[in-house]
Amino acid sequence: MRDAHRLEPASANPGGGTVLAAWERFVQGEDHIPGVRPLVAISWHRCREQYRVDPRLTEAPVAVAEPDHTPEHDVVFAELGFRAASVAHEVGNLGGVVTVTDATGRILAEWGDQATLTKAGDCRLAPWFCWSECAAGTNGMGTALETHGPVSIRGAEHWCRAFHNWVCAGIAVRDVVTREPIAVLSICCWRSRLPESAGSWLANAATMTRCLMKRHARDNGAELVAAYTQARARSGAALAAVDTAGKVVIADDMASVLLGVPASTPAVDPTLRWNPGLPELIAAARYATGQAAHHPDWVGSTQIFAHLADEPTPIGIRPVFSSGRLIGHLVSFGASDGTQVPQAEEPAPPRTQPRRLVAMRDNRMVLLRLPEVSFAESRGNDVWLATDQGRLRAASLSLDKLDSELADVGFLRVHRRYVVNLSRIREIERGLKGELSLVMDDRTREMVPVSRRNAPAVRRALDI
């Protein structure tokens, strides 16, 4: 087996005539672009419709400010810097450069061939400049932040014409608890193919870095269980411990019923923690994480719709720290002390609503008009669209994101797993216990359940 740490050269120059022709049509407004990889086509769509990046941009913009990040992020940057530096000589011998970029697309450091570094400097492919998709369009670093797994962007696949001479591959390293990106490791070459093993080397480097993060997260999970055990001995209220993303690490008998998770079963491994399926709890935990990061003495409270409860249940949220680091929260049911957690976020600034929804069929991108979509369903790690063309996998990885984009154009969240097109509801069925189901007007008359907490919004929207 070839050593995953070795980078082997590739022989041929990348072709790009078909892609270049498709790019020229797409930037002029045409949507039909055969011969373009779906990952690239979806990125182009974001650049044109969402980010409005000028394809005539000749250099990356300056990074405007250093983002907040935790000491754990510093460890990731240092680890990736070590791995980049260790392969810099090999990459340089192949005429390439290797970079480390933060979660905003800002290049932190760069190593490799001096001649290529000089070329990179001409378009600001260098430290202190920003290569997120919204700043520089489709590229190896920025597009890696938008997706999962290794990403390669070749020649004319770049959104900006000035970058068409580059071939880049990148992979995002994501927080093992929140799944938010922390950094990107990438390799870039000028007018030549990437090393054949670039993708496997990037994946291996990211995996090794995530192993370091998982060990740290497991230690934090064990400490959170210890804090829960101490608090449980002092209080008779229903109690649970959640991590900074709202996943349940442990819950007592009563809390487990309300959260819909196993009782008294520790889940310290970040990949095995319990998802309560309660959007309000997850939102409250994430809000608490943000508050506690800046105000360690913060304690909050709110109300959530828990499982098997007919009315909102009050909860108290108390952050848990270990060695000065926030590791999670204790959630006590029936408590109402502390600062009230906002029920809704601040109104978002006005934005352009999507003209189309992007979906995938095999190896092709499908652009759907909104009336063609009956509903969206979250299933596992994917979002599926029920459309007039059948079931299609949505390009969006998050039903929450899709919900926020479609909220003002006739779509409504009716269940934690479903967002429906209100104009496509044909019938409403009431169950024996008063529960609602929506019969859609698609070909199969599919039924979509309405959760108890969303039923009032459905009645208001349909005037029933």
Side-chain angles (χ1 to χ4, degrees), residues 1-16 19 37 39-40 58-60 76-102 105-131 136 138-145 147 149-158 160 162-173 183-212:
M1 180 179 295
R2 181 173 291 166
D3 187 346
H5 295 276
R6 298 290 300 177
L7 296 173
E8 302 295 337
S11 55
N13 290 324
V19 175
R37 292 185 295 149
L39 177 142
V40 173
T58 60
E59 56 186 23
V76 171
F77 297 148
E79 177 71 14
L80 291 180
F82 161 74
R83 297 194 176 278
S86 68
V87 79
H89 180 69
E90 291 180 70
V91 172
N93 286 341
L94 299 174
V97 296
V98 56
T99 69
V100 175
T101 309
D102 70 13
R106 182 174 61 107
I107 295 179
L108 303 177
E110 189 173 43
W111 302 263
D113 175 63
Q114 191 58 50
T116 308
L117 288 171
T118 300
K119 289 286 187 183
D122 293 339
C123 60
R124 293 180 171 178
L125 180 63
W128 297 295
F129 297 101
C130 185
W131 283 81
T138 307
N139 69 87
M141 293 162 285
T143 303
L145 288 169
T147 58
V151 170
S152 63
I153 302 297
R154 304 185 288 262
E157 291 180 335
H158 287 83
C160 298
F163 309 147
H164 284 183
N165 285 315
W166 289 94
V167 179
C168 303
I171 189 168
V173 176
V184 174
L185 184 64
S186 68
I187 298 174
C188 302
C189 292
W190 169 263
R191 291 182 174 176
S192 63
R193 282 192 181 275
L194 291 165
E196 291 181 352
S197 55
S200 61
W201 179 81
L202 289 170
N204 180 71
T207 297
M208 297 301 293
T209 305
R210 282 194 293 266
C211 287
L212 181 69

Going by heavy atoms in the side chains, are Leu125 and Met141 under 4.5 Å from each other? yes
Heavy-atom closest contact (Val91 atom, Val98 atom, distance): CG1-N, 4.2 Å
Taking only residues two or more places apart in sequence, or in another chain, which ones meet Asn165 in a side-chain hydrogen bond (donor to acceptor under 3.5 Å, both in side chains)? Arg191
Side-chain heavy atoms of Met208 within contact of Asn204, under 4.5 Å: yes
Exercise: identify the closest heavy-atom pair between Gly96 and Cys189: CA-SG, 3.9 Å
Give the intermediate values and the outcome of side-chain contact (heavy atoms from CB on, under 4.5 Å) for residues Ile107 and Phe129. CA-CA 6 Å; Ile107 295 179; Phe129 297 101; 5.8 Å; no
Steps toward side-chain contact (heavy atoms from CB on, under 4.5 Å) verdict (Trp131, Thr101): CA-CA 8 Å; Trp131 283 81; Thr101 309; 5.5 Å; no
Under a 3.5 Å cutoff, is there a donor and acceptor pairing between the side chains of Thr143 and Thr138? no
CG/Asp113 to NZ/Lys119 distance, rounded to the nearest 0.5 angstrom? 11.5 Å
Shortest non-hydrogen separation from Val151 to Ala144 and the atoms involved: CG2-CA, 4.0 Å
Distance check, rounded to the nearest 0.5 Å: Ile171 atom CD1 versus Leu145 atom CG? 11.5 Å
Given 3.5 Å as the limit, does a donor-acceptor pair link the side chain of Glu157 with the main chain of Arg154, or not? yes
Give a yes or no answer on whether the side chain of Thr116 reaches the backbone of Gly95 with a donor-acceptor pair at less than 3.5 Å. yes
Ser152 side, atom OG; Arg37 side, atom CZ - distance, nearest 0.5 Å: 4.0 Å
Quick one: are Ser200 and Pro150 in side-chain contact, heavy atoms under 4.5 Å? no
Could you walk me through whether Cys188 and Glu110 satisfy the side-chain contact (heavy atoms from CB on, under 4.5 Å) test, starting with their C-alpha distance in whole Å, then the side-chain angles of each, then the deciding distance to 0.1 Å, before giving a yes or no? CA-CA 10 Å; Cys188 302; Glu110 189 173 43; over 6 Å; no
Taking atom NE2 of His89 and atom CG of Leu94, what is their separation to the nearest 0.5 Å? 10.0 Å
Using the test ring pair (Phe, Tyr, Trp, His ring centres under 6.0 Å), find all partners of Phe77 that sit at least two apart in sequence or belong to another chain. His69
Could you state the interatomic distance from CD1 (Ile153) to CG (Leu39), rounded to the nearest 0.5 Å? 5.5 Å
Ring pair (Phe, Tyr, Trp, His ring centres under 6.0 Å) with Trp190: which residues, sequence neighbours excluded? Trp166
Heavy-atom nearest pair, Trp111 first then Ala88, reads CB-CB, 3.5 Å
Are any non-hydrogen side-chain atoms of Val100 and Leu185 less than 4.5 angstrom apart? yes
Closest non-hydrogen atom pair between Cys130 and Ala60, with its separation: O-CB, 3.3 Å
Nearest 0.5 Å, what's the CG-CZ distance between Asn139 and Phe163? 7.5 Å
If you take all heavy atoms of Ala198 and Ile187, which pair is closest and at what distance? CB-CD1, 4.2 Å
